[in-house]
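FYI, the numbering just counts along the sequence from 1. Whatever order the structure lists them in is the order used to number ligands and atoms, beginning at 1.
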Amino acid sequence: MGMNKKLGILLSGRGSNFLAIADSIAEERLSGAEIAVVVSNLADAPGIAAARERSFAAAVIESRGRKRAEHDAEIVATLQHHEVDLVCLAGYMRLLSPEFVRAFPQRILNIHPSLLPAFPGLHAQRQAIEYGVSYSGCTVHFVDEELDHGVIIVQRTVPVLPGDDERTLSARILEQEHLAYPEAIARVLSGNYEVKGRRYIAR
Ligand code: GRF
């Protein structure tokens, strides 16, 4: 379908956010989009096996032992080859080089399992439990050159309950991630927004 905007998904692991995006397209909860290619930097990521199983174009571009700039250039070339409009990081466990970010200005999204700017980086759910917050959630944001930092598009909250551990809180947040990511993609593809400073403003 030539009118659709093309998504490129980057992942390193399980791929549940990728599958949530794929399902929301298949079930027409997210329209005007298609997944053009799924890329993993790890050959054994379950998410890339799931992509192949569902007959999506899937590419493994191994990062191990390679310079970041060189690895990223190959990913950018693959995304451009598939004419990707919007890059979605979905559990992609690598920092992007400035060259990668500049190749898709305001066209790369990431999802993070906390209410940014709280708890950036690894193990955000464990950080939230250890800090003792009563609420956490997830954030979909534009990617800039700093880790977990760009302009926020969508956040969804969850309570942190007494007795939660990293696993139970992660599961509660993940449910909200699966709603937040398709919503953020729809918002960005609609073009009905502007960015002023750090603020995403819907029109
Ligand atoms: C999610 O918690 C996401 O927020 C974080 O990595 C995890 C990826 O999960 N960036 P999945 O691979 O999408 O299931």
Side-chain angles (χ1 to χ4, degrees), residues 7-27 29-30 33 35 37-54 56 58-63 75 86-96 100-101 108-131 133 135-160 164-188:
L7 308 181
I9 310 270
L10 265 59
L11 54 77
S12 305
R14 180 176 55 184
S16 74
N17 278 288
F18 148 56
L19 290 171
I21 295 164
D23 287 346
S24 55
I25 293 171
E27 295 162 15
R29 285 178 280 115
L30 173 58
I35 295 175
V37 64
V38 182
V39 177
S40 173
N41 65 310
L42 299 175
D44 58 1
I48 204 73
R52 291 203 180 99
E53 220 165 275
R54 295 187 176 209
F56 287 107
V60 172
I61 302 177
E62 268 288 355
S63 53
I75 295 182
L86 186 65
V87 180
C88 301
L89 309 186
Y92 183 67
M93 301 306 284
R94 280 175 67 81
L95 263 179
L96 302 193
F100 190 151
V101 175
I108 310 175
L109 308 186
N110 181 45
I111 188 157
H112 182 74
S114 76
L115 297 175
L116 291 172
F119 315 128
L122 290 175
H123 308 298
Q125 304 94 331
R126 191 194 305 168
Q127 292 185 57
I129 297 223
E130 285 174 359
Y131 200 92
V133 293
Y135 292 90
S136 190
C138 61
T139 303
V140 184
H141 63 92
F142 286 116
V143 170
D144 64 13
E145 291 172 25
E146 269 180 68
L147 180 67
D148 299 329
H149 175 268
V151 166
I152 291 170
I153 305 159
V154 172
Q155 293 190 302
R156 296 182 70 95
T157 60
V158 305
V160 180
D164 263 343
D165 57 19
E166 187 179 359
R167 187 183 55 82
T168 58
L169 179 60
S170 298
R172 192 174 307 118
I173 293 173
L174 192 64
E175 266 184 54
Q176 299 305 313
E177 294 187 38
H178 295 164
L179 301 173
Y181 219 151
E183 183 189 339
I185 292 167
R187 286 186 180 203
V188 171

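With Leu115 as the partner, the side-chain contact (heavy atoms from CB on, under 4.5 Å) test is satisfied by one option alone out of Val133, Val158, Thr157: Thr157. Of the listed residues (Leu86, Val87, Leu109, Val38), just one forms a side-chain contact (heavy atoms from CB on, under 4.5 Å) with Leu7, and that residue is Leu86.
Annotation for ligand 1: atoms under 4.0 Å from non-hydrogen atoms of Asn17 are 1 (C), 9 (O), 11 (P), 13 (O), 14 (O).
The distance criterion of under 3.5 Å between nitrogen or oxygen atoms is met by Ile111 with respect to ligand 1. Checked against a 3.5 angstrom limit, the closest N/O atoms of Ser16 and ligand 1 fall inside it.
For atom 12 (O) of ligand 1, the nearest non-hydrogen atom from the set Pro113, Gly91, Gly15 comes from Gly15.
For the pair Arg172/Asp164, a side-chain contact is recorded, criterion being any heavy-atom separation below 4.5 Å from C-beta on. Counting only heavy atoms from C-beta outward, the side chains of Leu174 and Asn17 approach each other to under 4.5 Å. Put simply, the side chain of Ile108 reaches to within 4.5 Å of the side chain of Phe100, judged on heavy atoms.
Taking atom 1 (C) of ligand 1 as the reference point, the nearest protein heavy-atom neighbour is Glu177 OE1, 3.1 Å. The protein heavy-atom contact nearest to atom 9 (O) of ligand 1 is Arg14 NH2, 3.0 Å.
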